[in-house]
Structures are given as structure tokens and as C-alpha cells.
Amino acid sequence: MSVPVTGRASAHAGKSIWHAAWLPPAAFRELGSRPVLVHGEGLLVDTVLDEVSRACARYGGRVWHGPPWQVDADLVLALREAGRVPNVAAESARLGATPAVNGAGDGALGDEGYLLARVDGVTVVLADAPAGLLYGMFHVVRLGAAAFDDELPARRHRPALDRRILDHWDNVDIHPVSGQIERGYAGGSLFWRDGAARHDHARLRDYGRLLAACGVNAITVNNVNVHDTEARLLTDRLGDVAETAQVLRPYGVRVHLSVSFAAPVVLGGLPTADPLDDRVRAWWAAATRRVYQRIPDFGGYLVKADSEGRPGPFAYGRDHADGANLLAEALAPHGGVVRWRAFVYDHRQDWRDRSTDRARAAHDHFAPLDGRFDDNVILQVKFGPIDFQPREPVSPVLAAMPATRLAVELQATQEYTGQQRHVCYLGPWWSEVLRFRPRGEAGGTIADVAAGRAGAGGGLVAVANVGDDPFWTAHPLAQANLYAFGRLAWDPLLVPGAILDEWIDLTWLPVATGDPETVRRTMHAIMDDSWRTYERYTAPLGVGFMVRPGHHYGPDVDGYEYTPWGTYHFADRDGVGVDRTRATGTGFTGQYPPPWSEVYESRERCPDELLLFFHHVPYRHVLHSGRTVIQHIYDTHFAGVEEVAAMRERWRLVAGAVDPAVHDRVAERLDEQFRSAVEWRDQINTYFFRKSGVPDAHGRRIH
């Protein structure tokens, strides 16, 4: 097995060299070795034709583009509106794409959907729009040989969520604290370098290709913390944004832009940014009109306001609905949306005040505003109430605003999950979040919230984890998180293990040496449970934030405990955890609807993995597992280190079966993960041994 590391990732790559991620040329072997007909017109159809042509040139197949005569094709990729397909079997399938197919609707496939079938020895992908044909072609690539199996039944495929977005926290200028990318762990930006656009069209095009292959259809090109230079992307630097949009457009990826709420003052010279001021409304309308003149398919604005020092409507005595609706009004004539982040809290807290609870803040600010936002406002809500910790409850905001379009925000960049130095496959965690039913078994899921009524929801968003590193994500195994995000955004019911199989099959392709099944088993053994392994050797039982302030890497149990950013564990000699109950604590449990408001209120019913998030308990409190809290802390931290050691050993066993450059990079990262896991184990166990005075029941060494 091998992953191509050198060589151009596509015909557009020029002299640049980077890893092909999950689309190395060999992934197209089955498609490229066959006669293929592409039928239809349009920019994205041209992309399909280009992909198929390059694959056929490499692997000996043949491609036709909509000839008016009968051709003997093994694969037909066709737009239904293009008329009769010059292939009897494919034409039969086209005519048969009716409501009977998969029992759905009126037979329409939608802007991004497609029908995939094997009919009379021909594999057929039919779509109503070019984007559907592009996604269908990549589905054929995912299936490989199975796409040409005569047992392949006809099936519709449509995305569950219309909006599948990656937000890049990239800076145009190098920021003195956060660098070229804030919370970026894979090198520099794909878009910007040292205050200017990179103009690396080859790399950008290959990035768009990766995004389309897993289902992502939009990106935000700059940091949500909009600094001075980045603010100008809306005006005199707009050409750089338009250039990026042009490169990504052939893969169906729309561009969004983070903007500063203070732009009318900073850029327009107005004395105010008051959202109810007519001059401000006129300025945003004119600025937005200019954006759409340059980028007709522009997606919209992303705004972080009145949060962590960013400007917002509070300065003018207005609320978040006033602020968001101002931008929505400017975008509405052009079909754009404003995504307004709900990440708003007091970051100047007094740690002595136990009534202040960062977890409450988003609900307190936004739930009373439900129903006041314009139709093209999307409130973007972090999946948990704190900040992308390895374990949090699902945010109660996602159950509290039925009259508002909500987007669910995840974090692919591993700020609190090992920073792409640790392997931590997040697919299982994200799947749990998306399947969670905030109103109990009779209610809908978080995925349903993101989808909205009649598909009008805000969708799924992730903070991106790529950079200009040759491996895209620095840790080659972290590519799986980017892939899993796209696939779960397309279909939240996909099984994380099956997604991992897809990624393995597309990435770790067989060569003469190495047993494919051995590598597959190794990948699963390392990655399947890696999120829970990370959780075991870091902060226990949902308590969170035991990281070093600032860069957030490595353990520091009290690092944030006495800072203005919040207080997270309240450990003392008697116990640990945050009392968020209605009876004796901050009342946060009351923000949830039944049954979870009652489950989380009760020590006895609260899930073990969230106990310390909701309750302050004695160290000898007995968990559902039968262990005490203190013994659970000791056991899991010892176990986590042992699991990382096992990962490292498993990886050593596949040396020679994967590309040496990839093997070396992963081995180096696993060495660092083991070192860090030992540090976490020793600091956490020692801290709680000294706090509690309770020895380890198994007599293991605690410093």
C-alpha cells in the first residue's frame, strides 16, 4: 500500500509538490480504465469531463462528450435536461428516473442530487444540474470497482444539508499572536502570505477538488476575527476574494467573507456603525452590491460581534437581531446570507463569582430573540456551550430557537483535541452530536435542526484544518477529519467507521508490497477509538479546559481557573466539578427542555462522561461504572497512555507497507502524542492525588 506524496496532485499543479490526500491518481483507476460518456453542458460538466479525461489518459479508457450517435460506454454521466442520451441503457435509466426511484418526491433530483444505477451492464449517473453530476462522478470514484457491479441498484442521492461550509481562520497579514492562521496547525494559509494573496491557483484548484469529493460546497476565506487588513477584503482588496472564487467555482465551492461589524466606520469613514442609522444601511447596501458585481455567486457574510472584543451592536444600545438584520437587508436582493455567530460571552469574568457561567451565555443572549431574525440570517451555534472541548453537552441554543435558521458549528482544526500532533478521529464525536435528540426520543435530532424545515436550515460548518503543509493537515491521519466533516454534512446518518473505510480506500491504495487488509486493520485500530483515547488522558468527565492558556496545548490544570475567561473545574480538597443545577448552582440545566433538563439536574441520572460539567461532587462519588470519581481519573489516565503506546507499536508494524515519507511523518507525530499523553497523565493524576489525598487503588506510581 502506498500514498503518493511526490509528483503533482493534478495536471494543474505546476512545479508545486504536495500530498494528494484522498484523491491520488490511483483512486481514479476504475473510472479511467473504461469507456465513459459525459452528456451535458456547463462549467461543472466541463470539470467532470476534465477529471474523466485525465483519468482515461492515465489508465487507458476512452471518453466521449455528448456525441449524437450511439456509443458503447460502460459509464454514462448525463444531465437529464440535455435530452436523449446516445446510449440505449442509459436512456432507459434516464426515462426511469421517476417518483418510484427510492420512493421519493416527484422524481426531481435537485441542484446537487443525482441518480446512480447499473442498468443492462452500464453504470449511469443522472443529474438535474451540473453540481449533481460532479458529486455523482466522485461517488463513482468512491465506489471503485463496486460502481460497475451488476447488482448495483438504482438509488437517489441528495444532500441532507444544503449548506456544508468550512470557515478558514486565515489572516492576510501575519498577526503578532495568531500568525498567518489562527488555531492553524498545518503551516501557512492556502490563500494569503505576508499581507498579500498567494495566487497559487494550482493548489487552490486541488483544494476545491478535495472539497467537492467529500461534499463541501462553500468556504470562508478569512478569519472571523477581522483585523485591519482583512477588513479591506470587502472593498479595495475584493479582487483577491474574486480571484479565489474564480478558481474554486469549477468545483461548486462558493466563497463567503468574514466582515467587521465596524466596517462603515473603519472603511467608510462614517461616525457610526449603528444598525438603525440610515447612512449605515446605505453603506452596507452599496458595499454588498459591489461585492456581487465582482462575485455573482458570492455566498454571504460571516460575523463575530460583541464577542471577545470584536465590535458589535451593543455599542449602540442595539441587540444581535438588529445587527444581523442590517446585513441581511443588504444581502437579500442578491440571494446572500449572513451567518451571525452565537459565540458571545463575558470574557472579563471575576473568578470569585460562582454565579457567572460561560456555558449560559449564548442561550441568555439569543434565545429571547427567536423569531426576530430575517429569513436570510443564519445563527451559527457552536455544538457545545463552551468552546470545542473534547467532551461537552450539546448546546441548549440548538433546541431553543425554532423560529430561527440555525447552523451547527464544529471544529475540524484540533485546537483542544491535540492540534494535529495527536491522532484524534472526530467522526464518532460529531456523529453523536448530530444524532442527539434534545427533546428526547420523540423529537428531532441536531441534524434535523441544521437541515431546517423544507431544507431551509443553516447547515453544518467546521473551522478548517488545512494549510500549506505538504500533507494538507500536517498529520496525515488528520485528513480523515476533513473528509468526515464533508461526508457527515452530506449525510449525518453515515456511520463514522464506514466513512473511515471510504477514506482509507481512497487514500491508502494497494501496490505490489503490503497487504491492504493489514493496513486497513491498523488504521481502524489506531483511529476508531482515538477521540475517546484523547479524552481518557486529558480532562476527565466533561470538566474541560485543563490546558495551557494561550496556545491550548498540553496540561495546565489551573491555567484558566483564576482568569477572566471563565472557571471550569472548581477542584478543592473535597471534590471537583461545576454546579450548574437549578437547585444549587448556576441554573444552566434549566436551559434544556425535558427530558435532558431533568437528566442533567440529577447526579444519579447524569451521564458519567458529563458529570463534572454539571455537578460538583466528592472524589469518592460512585459513577455508574461502579468506580469512584478519583479512581476513574487515575484509571483512565493510565489507560490512555497505554492506548497511545499501542497505537505507536501498531504503526511501526506497517513500515514498508505504506509510503516511507507518510510513515515517518505519522511516526513522528505518534512519538509526540505519547510524550504528551505521559505529561497529561502525570500532571492530572498528581494534581488530584494531592488535592484529594486518596491513593490509587492499584498502587501505581503517582508523583
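This is a predicted model, so every value here is computed, not measured. Residues take their numbers from the sequence shown, with the count starting at 1.
Residue pairs meeting the salt bridge (charged side-chain N to carboxylate O under 4.0 Å, His left out) criterion with at least one member in residues 180-197, sequence neighbours excluded, are Arg183-Glu415. Here salt bridge (charged side-chain N to carboxylate O under 4.0 Å, His left out) pairs that include residues 368-393, with residues two or more places apart or in two chains, are Asp319-Arg372, Asp322-Arg372, Arg358-Asp387, Lys382-Asp387, Arg391-Glu432, Arg391-Glu535. Listed by first and then second residue, the side-chain hydrogen bond (donor to acceptor under 3.5 Å, both in side chains) pairs that reach into residues 447-467 are Thr445-Asp448, sequence neighbours excluded. Pairs engaging residues 282-297 under the salt bridge (charged side-chain N to carboxylate O under 4.0 Å, His left out) rule: Arg249-Asp297 [sequence neighbours left out].
For Asp167, the salt bridge (Lys or Arg N to Asp or Glu O under 4.0 Å) partners are Arg339, not counting sequence neighbours. Scanning for side-chain hydrogen bond (donor to acceptor under 3.5 Å, both in side chains) contacts around Thr272 gives an empty result, with sequence neighbours left out. Partners of Tyr553 under the side-chain hydrogen bond (donor to acceptor under 3.5 Å, both in side chains) rule, at least two apart in sequence or in another chain, are His422, Glu672. The side-chain hydrogen bond (donor to acceptor under 3.5 Å, both in side chains) test applied to Arg580 returns Asp357, not counting sequence neighbours. Looking at residues two or more places apart in sequence or on another chain, you find no salt bridge (Lys or Arg N to Asp or Glu O under 4.0 Å) involving Arg405. For Arg198, the salt bridge (Lys or Arg N to Asp or Glu O under 4.0 Å) criterion is met by Asp468, not counting sequence neighbours. For Asp306, there are no salt bridge (Lys or Arg N to Asp or Glu O under 4.0 Å) partners, not counting sequence neighbours. Taking Ser431 as the reference, Arg435 meet the side-chain hydrogen bond (donor to acceptor under 3.5 Å, both in side chains) condition, with sequence neighbours excluded.
Residue Ile181 holds its CD1 atom at 12.0 Å from CH2 of Trp169, rounded to the nearest 0.5 Å. Atoms CG and CG, from Asp128 and Leu79 in turn, are 8.5 Å apart once rounded to the nearest 0.5 Å. Atom CH2 of residue Trp472 and atom CG of residue Leu482 lie 9.5 Å apart, to the nearest 0.5 angstrom. Between the CG atom in Leu270 and the CG atom in Asp274 there is a gap of 11.0 Å [rounded to 0.5 Å]. Atoms CD1 and CG, from Ile165 and Asn217 in turn, are 7.0 Å apart once rounded to the nearest 0.5 Å.
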Tell me, with the steps shown, if Tyr207 and His168 meet ring-ring contact (aromatic ring centres under 6.0 Å, His included).
CA-CA 13 Å; Tyr207 182 48; His168 286 259; 5.6 Å; yes
Could you go through the side-chain contact (heavy atoms from CB on, under 4.5 Å) check for Val381 and Phe343 one step at a time?
CA-CA 7 Å; Val381 183; Phe343 184 53; over 6 Å; no
Let me see the working for Phe485 and Leu460 under side-chain contact (heavy atoms from CB on, under 4.5 Å), right down to the final yes or no.
CA-CA 9 Å; Phe485 167 76; Leu460 198 64; 3.6 Å; yes
Step by step, would you call His365 with Phe314 a ring-ring contact (aromatic ring centres under 6.0 Å, His included)?
CA-CA 11 Å; His365 280 295; Phe314 287 178; 5.7 Å; yes
Between His320 and Phe373, does a ring-ring contact (aromatic ring centres under 6.0 Å, His included) hold up when you go through it step by step?
CA-CA 9 Å; His320 288 284; Phe373 292 96; 8.2 Å; no
Using the rule given for ring-ring contact (aromatic ring centres under 6.0 Å, His included), can you reason through His157 versus Tyr135, listing the C-alpha separation, both sets of side-chain angles and the distance that settles it, and then say yes or no?
CA-CA 9 Å; His157 300 268; Tyr135 291 127; over 10 Å; no
Between Gln420 and Asn481, is a side-chain hydrogen bond (donor to acceptor under 3.5 Å, both in side chains) present by the stated rule, with each step listed?
CA-CA 10 Å; Gln420 283 143 241; Asn481 288 329; over 6 Å; no
Using side-chain hydrogen bond (donor to acceptor under 3.5 Å, both in side chains), reason through Gln246 and His201 one step at a time and then give a plain yes or no.
CA-CA 10 Å; Gln246 182 175 0; His201 292 184; over 6 Å; no
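The backbone N or O of Val226 lies less than 3.5 Å from no partner atom in the side chain of Ser258, so there is not a single donor-acceptor pair. The backbone N or O of Gly458 sits nowhere less than 3.5 Å from a side-chain atom of Arg163 that would complete a donor-acceptor pair. Of the possible donor and acceptor atoms, one in the side chain of Gln349 sits under 3.5 Å from a partner among the backbone N and O of Asp346. Tyr316 contributes a side-chain N or O that, together with a main-chain N or O of Ala273, makes up a donor-acceptor pair within less than 3.5 Å.
Results of the ring-ring contact (aromatic ring centres under 6.0 Å, His included) test with Trp531 over Trp430, Tyr416, Trp429 single out Trp429 as the only residue that passes. Leu211 pairs in a side chain to side chain contact (heavy atoms under 4.5 Å, CB included) with only one of the listed residues (Val466, Leu248, Val216), which is Val216.
Residues Tyr592 and His363 bring no donor and acceptor atom of their side chains to less than 3.5 Å of each other. Neither side chain, Glu308 nor Asn225, offers a donor N or O lying under 3.5 Å from an acceptor on the other. A donor atom on one side chain and an acceptor atom on the other are not found under 3.5 Å apart for Trp192 and Asn171. No side-chain N or O of His175 forms a donor-acceptor pair with one of Gln180 less than 3.5 Å apart. Side-chain atoms of Thr288 and Tyr301 form a donor-acceptor pair, as typed in the model, at a separation below 3.5 Å. Glu409 and Gln380 share a side-chain donor-acceptor pair at under 3.5 Å.
A salt bridge does not link Arg237 with Glu230: every distance from a Lys NZ or Arg NE/NH1/NH2 to an Asp or Glu carboxylate oxygen is 4.0 Å or more. Under the 4.0 Å criterion applied to side-chain N and carboxylate O atoms, Glu112 and Arg158 are not assigned as salt-bridge partners. Using a 4.0 Å cut-off between charged side-chain N and carboxylate O, Arg203 and Asp206 make no salt bridge. For Arg279 and Asp277, the salt-bridge test passes: some basic side-chain N is under 4.0 Å from an acidic carboxylate O.
Nearest heavy atom pair, residue Gln411 against residue Leu426, reads O-CD1, 3.7 Å. Considering all non-hydrogen atoms of both residues, Ser189 and Asp170 come closest at OG-OD2, 2.7 Å. Contact between Leu134 and Ala212 at its shortest, heavy atoms only, is CD2-CB, 4.0 Å. Nearest heavy-atom pair, Leu44 versus Pro130, reported as atom, atom and distance to 0.1 Å: CB-CB, 3.6 Å. Contact detail for Ala127 and Leu109: the closest heavy-atom pair is CA-CD1, 3.9 Å. Contact between Leu406 and Ile378 at its shortest, heavy atoms only, is C-CG2, 4.3 Å.
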